[in-house]
Number of protein chains: 2
Amino acid sequence: MSTPTTAADRAYSALRSDIVEGMLAPGTPLAEVEQAARLGVSRTPVREAFARLLSDGLAEQRGPRTLLVSSIDADDVRALFDLRWALDEQAARIAAHRGDTLPFAALATRLDRATELLATDDAARTDYYALVGEFDAAIDASLETSPYLRAALQRLRVHLERVRRLAHDDDARLLRAAAEHAAIARAIADRDPERAVAATRLHLHDALQSIHRHLKASTA
Amino acid sequence: MSTPTTAADRAYSALRSDIVEGMLAPGTPLAEVEQAARLGVSRTPVREAFARLLSDGLAEQRGPRTLLVSSIDADDVRALFDLRWALDEQAARIAAHRGDTLPFAALATRLDRATELLATDDAARTDYYALVGEFDAAIDASLETSPYLRAALQRLRVHLERVRRLAHDDDARLLRAAAEHAAIARAIADRDPERAVAATRLHLHDALQSIHRHLKASTA
DNA sequence: ACGACCGTCAATGTATACATTAGAGAGATG
DNA sequence: CATCTCTCTAATGTATACATTGACGGTCGT
């Protein structure tokens with residue numbers, strides 16, 4: 001009962017976490033032997049993990065034989081949002097059309113409550129991020145009949161989490177983000193696709209601006 | 001000079017082609033030993049190829065240890081278009097904003113000419129598909145600064161080609177498709193994002209309808 | 001001193017051997 | 001006759017050995 005999953009899966013999860021959490025910094029070379037030793041497995045599962053990271057875009061190839069942790073800068077964020085805009089908008093539209101209204105209604109109220117909490121207690125960040133996670137899960141559930149879109153969204157989210165760690169939201173931004181998320185959830189709960197799309201656009205616009213402000217500030 | 005690429009790459013390309021072209025039918029089991037023997041390499045590169053096919057969505061897992069060529073039916077097509085709609089629309093918008101106008105202007109005229117040709121010479125199918133390929137390449141070129149969107153599009157196109165082989169366009173449809181494509185190209189060449197998006201929507205709507213008609217006809 | 005060229009070797013790419021397990025099929029049982 | 005279990009095998013998952021190549025450091029030339 002020690003290894004419920006395969007070694008390749010564990011290697012992948014470990015590396016992926018290390019990259020997303022910044023433990024393996026962008027630009028770090030990924031060597032099979034080194035990681036195999038670190039993770040306590042042979043090169044074979046590590047190799048498989050590297051292939052998946054490459055397909056995720058978490059690693060990139062430089063030259064024919066060297067793999068690096070992929071870089072992520074302000075320009076990547078903009079490029080990421082070019083895709084996110086398309087996917088989130090469509091996801092919101094579909095969720096409003098065919099999603100289960102109940103979870104979104106519940107999330108809307110909980111997000112509103114979180115807005116109040118965040119105003120007073122700044123330790124509620126974790127709760128808010130957990131709520132966003134639930135929101136994403138609710139979106140995924142609504143996309144049961146759109147597996148391709150759902151898969152694209154899930155691939156995207158890994159990168160977005162990386163960005164989130166890079167550009168830590170300030171409290172004021174978090175407050176507005178919660179309100180924006182609540183607006184999206186409510187529009188979906190009301191089965192109003194147009195409003196859901198509009199609210200999503202608003203959220204993405206603000207989120208991108210906030211991130212860019214942050215990155216510009218930390219670069220300068 | 002016999003192997004310019006790695007064995008894993010060749011195995012992947014071969015399997016991918018076989019799946020897209022229908023030589024490996026949906027539902028066919030993919031066994032490492034069998035494919036290794038067929039392709040004349042060891043299991044290792046085949047294994048790597050399988051991993052990539054899985055991440056492409058060209059193969060799917062049934063149970064913990066069996067891989068099948070992924071199925072594709074009318075419902076998959078609808079799901080595929082849920083994603084395609086989002087991506088193509090955004091791509092058209094961005095191409096109209098920042099793309100090189102010249103290639104699109106050239107493509108527009110060539111597509112119009114193809115429309116005339118298709119009306120008389122039905123052997124011009126190949127030419128038309130080649131033009132669409134060039135159009136896609138021009139879109140990709142316009143997305144140089146949006147690599148995430150471009151990557152998502154490229155992943156999607158493999159599946160679309162599979163659909164195209166599944167539901168062969170009839171001549172009438174091809175004619176309209178060429179005209180619709182020309183309209184998109186012209187809108188992009190004119191740097192008119194809104195029109196490009198509208199033309200894209202029109203094209204996708206018609207394409208989806210045509211495919212569904214075809215599939216319903218062949219199923220019945 | 002700076003750049004191009006080249007040999008070394010360490011890391012990758014591939015094959016194979018070993019360990020493990022899922023899945024097909026025989027047999028038993030209701 | 002269907003279903004369930006159990007076995008057994010053949011395939012996968014992993015490790016390792018072998019082959020191959022390109023990244024790095026040194027040398028040479030200018």
Side-chain angles (χ1 to χ4, degrees), chain A residues 1-19 23-72 151, chain B residues 1-19 23-71 151 158:
Chain A
M1 61 150 281
S2 54
T3 63
T5 75
T6 68
D9 283 332
R10 284 182 292 126
Y12 171 67
S13 300
L15 287 166
R16 182 174 139 138
S17 300
D18 289 346
I19 293 175
M23 204 168 297
L24 288 172
T28 307
L30 290 172
E32 292 177 8
V33 287
E34 180 189 345
Q35 296 304 322
R38 186 169 76 90
L39 300 172
V41 292
S42 83
R43 276 178 55 214
T44 310
V46 170
R47 205 180 159 69
E48 191 172 324
F50 280 9
R52 285 204 236 171
L53 293 172
L54 194 64
S55 124
D56 287 343
L58 289 176
E60 58 191 19
Q61 221 152 6
R62 184 195 55 181
R65 236 166 162 179
T66 38
L67 207 66
L68 306 176
V69 175
S70 66
S71 61
I72 185 149
Chain B
M1 61 147 282
S2 55
T3 63
T5 75
T6 67
D9 283 333
R10 284 183 292 126
Y12 171 69
S13 299
L15 287 167
R16 183 173 138 139
S17 299
D18 289 345
I19 293 175
M23 204 167 297
L24 288 172
T28 307
L30 291 172
E32 293 177 8
V33 287
E34 180 188 345
Q35 297 304 323
R38 186 170 76 90
L39 300 172
V41 293
S42 85
R43 276 178 55 215
T44 309
V46 170
R47 204 180 162 69
E48 189 172 325
F50 280 9
R52 285 203 237 172
L53 293 172
L54 194 64
S55 123
D56 287 343
L58 290 176
E60 57 191 20
Q61 221 153 4
R62 184 194 56 182
R65 235 167 162 178
T66 38
L67 207 66
L68 306 175
V69 175
S70 66
S71 62
V158 186

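None of the values given here were measured: they were computed from a predicted structure. In the text below, chain A, chain B and the rest are named by the order of the sequence lines, each starting its count at 1.
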Can you tell me how far [atom2] of [Y] sits from [atom1] of [X], rounded to the nearest 0.5 angstrom?
X: Ile19(A); Y: Leu53(A); atom1: CD1; atom2: CG; value: 4.5 Å
X: Leu58(B); Y: Asp18(B); atom1: CG; atom2: CG; value: 11.5 Å
X: Ser13(B); Y: Arg52(B); atom1: OG; atom2: CZ; value: 7.5 Å

What is the distance, rounded to the nearest whole Å, between atom [atom1] of [X] and atom [atom2] of [N]?
X: Phe50(A); N: dG13(C); atom1: CZ; atom2: C1'; result: 14 Å
X: Leu68(A); N: dA23(D); atom1: CG; atom2: C1'; result: 13 Å
X: Gln61(B); N: dA11(D); atom1: CD; atom2: P; result: 17 Å
X: Leu54(A); N: dT12(C); atom1: CG; atom2: C1'; result: 14 Å

Point to revise | Options dT14(C), dG13(C), dT12(D), nucleotide nearest the side-chain atoms of Glu32(A) | key: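 Looking only at side-chain atoms, Glu32(A) lies closest to dG13(C).
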
Check your understanding: Residues from residues 34-49 of chain A sitting under 4.0 Å of DNA chain C, heavy atoms only?
Key ->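 Correct list: Arg43(A), Arg47(A).
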
Check your understanding: Under 4.0 Å between a Lys/Arg side-chain N and an Asp/Glu carboxylate O for Arg16(A) and Asp9(A)?
Key ->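 Looking at Arg16(A) and Asp9(A), the cut-off is not met.
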
At a cut-off of 3.5 Å, list every protein nitrogen or oxygen paired with a nitrogen or oxygen from nucleotides 22-24 of chain C, distance to 0.1 Å.
| residue | atom | partner | partner atom | Å |
| --- | --- | --- | --- | --- |
| dA22(C) | O4' | Arg65(B) | NH1 | 3.2 |

Point to revise | Criterion side chain to side chain contact (heavy atoms under 4.5 Å, CB included) on Tyr12(B) and Asp56(B), from CA distance to verdict | key: CA-CA 11 Å; Tyr12(B) 171 69; Asp56(B) 287 343; 2.4 Å; yes

Check your understanding: Does some side-chain heavy atom of Leu30(B) sit less than 4.5 Å from a side-chain heavy atom of Val46(B)?
Key ->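 The answer is no; the side chains never approach within 4.5 Å.
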
Review point. Would you say Leu39(A) and Arg10(A) make side-chain contact, with heavy atoms under 4.5 Å?
Key: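 Not in contact.
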
Check your understanding: Quick one: does Thr28(B)'s side chain have a donor or acceptor within less than 3.5 Å of a partner on Val69(B)'s backbone?
Key ->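 No, because the side chain of Thr28(B) does not come within donor-acceptor range (under 3.5 Å) of the backbone of Val69(B).
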
